[in-house]
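Worksheet for the structure shown next.
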Number of protein chains: 2
Amino acid sequence: MSGSDRALLARPQLTPRRRAIRDAALRLFAERGYEATTTTEIGAAVGIRGPSLYKHVSSKQDLLASIMLDVMDDLHDVHALAVAGIDDVADRLRRAVEAHVRFHTRHRLEAFVGNREIRSLDEANRAAVVDRRSSYERLIRGIVEEGVAASRFHVASVKLASYALLDLGMGVAAWYREDGDLSEDEIVYTYGRFALTLVGVAG
Amino acid sequence: MSGSDRALLARPQLTPRRRAIRDAALRLFAERGYEATTTTEIGAAVGIRGPSLYKHVSSKQDLLASIMLDVMDDLHDVHALAVAGIDDVADRLRRAVEAHVRFHTRHRLEAFVGNREIRSLDEANRAAVVDRRSSYERLIRGIVEEGVAASRFHVASVKLASYALLDLGMGVAAWYREDGDLSEDEIVYTYGRFALTLVGVAG
DNA sequence: TATCAAGGCTACTGAGCATTAGCCTTTCCA
DNA sequence: TGGAAAGGCTAATGCTCAGTAGCCTTGATA
């Protein structure tokens with residue numbers, strides 16, 4: 001089973017309570033960081049005491065790991081859907097970047113935590129997350145490479161261009177606010193165009 | 001005294017020992033995060049025990065704060081030097097972005113910690129760092145605005161373009177490695193050109 | 001209606017942490 | 001040469017935290 005196949009399988013369903021706990025943990029991890037968030041606080045956010053969390057969750061580390069693994073899988077899903085059946089490489093890049101950026105606005109907390117808390121994961125979980133991340137990077141880089149090979153794109157460095165595209169998404173996750181004065185569509189559209197200029201596509 | 005004037009004043013000199021401690025703390029904060037770094041580890045990195053640190057430093061929090069405040073001031077300095085006396089707005093943008101990116105390669109640990117550990121600062125220090133960061137953002141946005149006003153730049157959103165430029169620097173700080181296969185000059189030059197295409201400058 | 005699982009709670013455990021207290025050695029200068 | 005400052009050290013303090021033990025209530029089911 002390849003990384004991208006795995007991403008398309010359904011993730012196990014959560015009980016409503018478990019989901020509430022995960023959401024609360026996500027918000028707190030994003031706001032103050034994993035290390036600085038206490039189980040007491042996570043509990044309080046769903047109206048129970050810290051120790052009661054353990055009736056639903058096996059550990060704080062597990063909570064972080066499941067958040068991070070799921071977000072990477074979701075990102076793969078979104079990417080696969082966005083580029084499915086698109087033949088033109090410039091279209092594919094634009095759609096991939098749009099999906100990337102849209103994902104980072106719609107799931108900014110998950111993406112934020114996913115980027116920042118890698119070092120808080122234990123060895124095994126970190127390896128799994130890093131693996132998914134590399135696989136996603138390769139997908140984006142693959143599109144850029146293909147465009148260059150077909151002489152549709154012109155870049156000084158494929159690697160640099162790909163990093164730049166990926167970094168824009170992370171940036172969005174850091175500053176985007178739903179109630180801000182930049183709309184999701186506006187950001188998505190503009191960054192999609194940025195992407196094409198970045199790789200020197202004509203038009 | 002404005003933010004940018006302050007940045008040009010000399011920062012107080014550190015004793016060699018204090019500097020070694022700061023450097024060690026910086027490395028550790030970057031690697032495992034502020035919360036996850038212990039005073040014992042910082043001490044060990046300079047060959048002393050944790051409590052002995054307090055003969056040189058007033059607190060762990062202070063160590064973080066001085067690292068973060070100094071890096072913001074250095075960034076202001078570098079920017080000011082880069083654009084001083086440059087009249088053409090496109091030149092000024094390119095130089096500003098080049099300086100921005102170069103700074104993020106040369107001081108990647110400082111920049112990395114400076115971006116990621118804001119939430120580990122106490123109230124007063126956080127306010128001071130956020131203040132410097134906003135002031136820097138305004139400098140970059142100011143150049144973009146000026147280019148747009150002069151009809152030299154064409155962007156869908158000044159804010160979005162400025163964020164994109166700033167985010168590229170942060171991205172660099174996250175992935176750049178001195179022994180990697182992308183040289184500092186290569187990255188700086190390429191990103192400088194990215195910047196100009198991004199704002200739709202002709203040529 | 002008796003039972004049992006689910007899911008709360010409080011009290012506790014054991015560990016780790018930043019920081020302080022207080023002591024000792026070395027070094028340097030008056 | 002003597003005394004103080006600088007800069008180490010160990011031991012202790014006081015706190016916070018993740019996770020466990022064990023108890024109790026509730027509600028569904030047999």
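The sequence lines fix the lettering, A, B, ..., with proteins before strands; numbering per chain opens at 1.
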Next item on the list: Apply salt bridge (charged side-chain N to carboxylate O under 4.0 Å, His left out) to Arg102(A) and Glu184(A), showing your working.
Entry: CA-CA 7 Å; Arg102(A) 195 178 293 282; Glu184(A) 180 186 309; 2.6 Å; yes
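- For dT10(D), the OP1/OP2 oxygens have a side-chain nitrogen or oxygen of Arg49(B) closer than 4.0 Å.
- For the contact set between residues 22-37 of chain B and DNA chain D, defined by any heavy atom under 4.0 Å, there are no members.
- Here Glu146(A) pairs with Arg92(A) in a salt bridge; the nearest charged N to carboxylate O distance falls below 4.0 Å.
- Salt-bridge check for Glu98(B) with Arg94(B): passed, with a basic side-chain N closer than 4.0 Å to an acidic carboxylate O.
- Atom pair Ile48(A):CD1 and dT25(D):P shows a separation of 19 Å (rounding to whole Å applied).
- Leu53(A) has its CG atom 13 Å from the C1' atom of dC9(C), to the nearest Å.
- Applying the 4.0 Å criterion to OP1 and OP2 of dG8(D), one finds that Arg17(B) has a side-chain N or O inside that range.
- Atom OH in Tyr54(A) sits roughly 13 Å away from atom P in dA21(D) (whole-Å rounding).
- One atom, CD of Glu41(B), and another, C1' of dA18(C), lie 13 Å apart when rounded to the nearest Å.
- Residues His104(B) and Phe112(B) place their aromatic rings such that the two centres sit no closer than 6.0 Å.
- Between atom CG of residue Asp167(B) and atom CG of residue Asp167(A) there is a gap of 8.5 Å, rounded to the nearest 0.5 Å.
- Along DNA chain C, the nucleotide nearest to Lys55(B) and the one nearest to Ser59(B) differ in position, and the one closer to the 5' end is contacted by Ser59(B).
- Here Ser52(A) lies in heavy-atom contact (under 4.0 Å) with a base.
- Ranking dA18(C), dA11(D), dT20(D) by closeness to the Lys60(B) side chain, first place goes to dA18(C).
- Rounded to an integer number of Å, the gap from CD1 of Ile42(B) to P of dT19(C) is 9 Å.
- Taking the six-membered ring for Trp and thresholds of 30 and 60 degrees, Trp175(B) and Tyr163(A) have ring planes inclined between 30 and 60 degrees apart.
- Of all nucleotides listed (dA18(D), dT19(C), dA21(D)), dA18(D) comes nearest to the side chain of Thr39(A).
- Rounded to the nearest 0.5 Å, atoms OG1 (Thr39(A)) and NZ (Lys60(A)) are 7.5 Å apart.
- For His56(B), a side-chain nitrogen or oxygen approaches OP1 or OP2 of dG8(D) to under 4.0 Å.
- Rounded to an integer number of Å, the gap from Leu64(B) CG to dA18(C) P is 13 Å.
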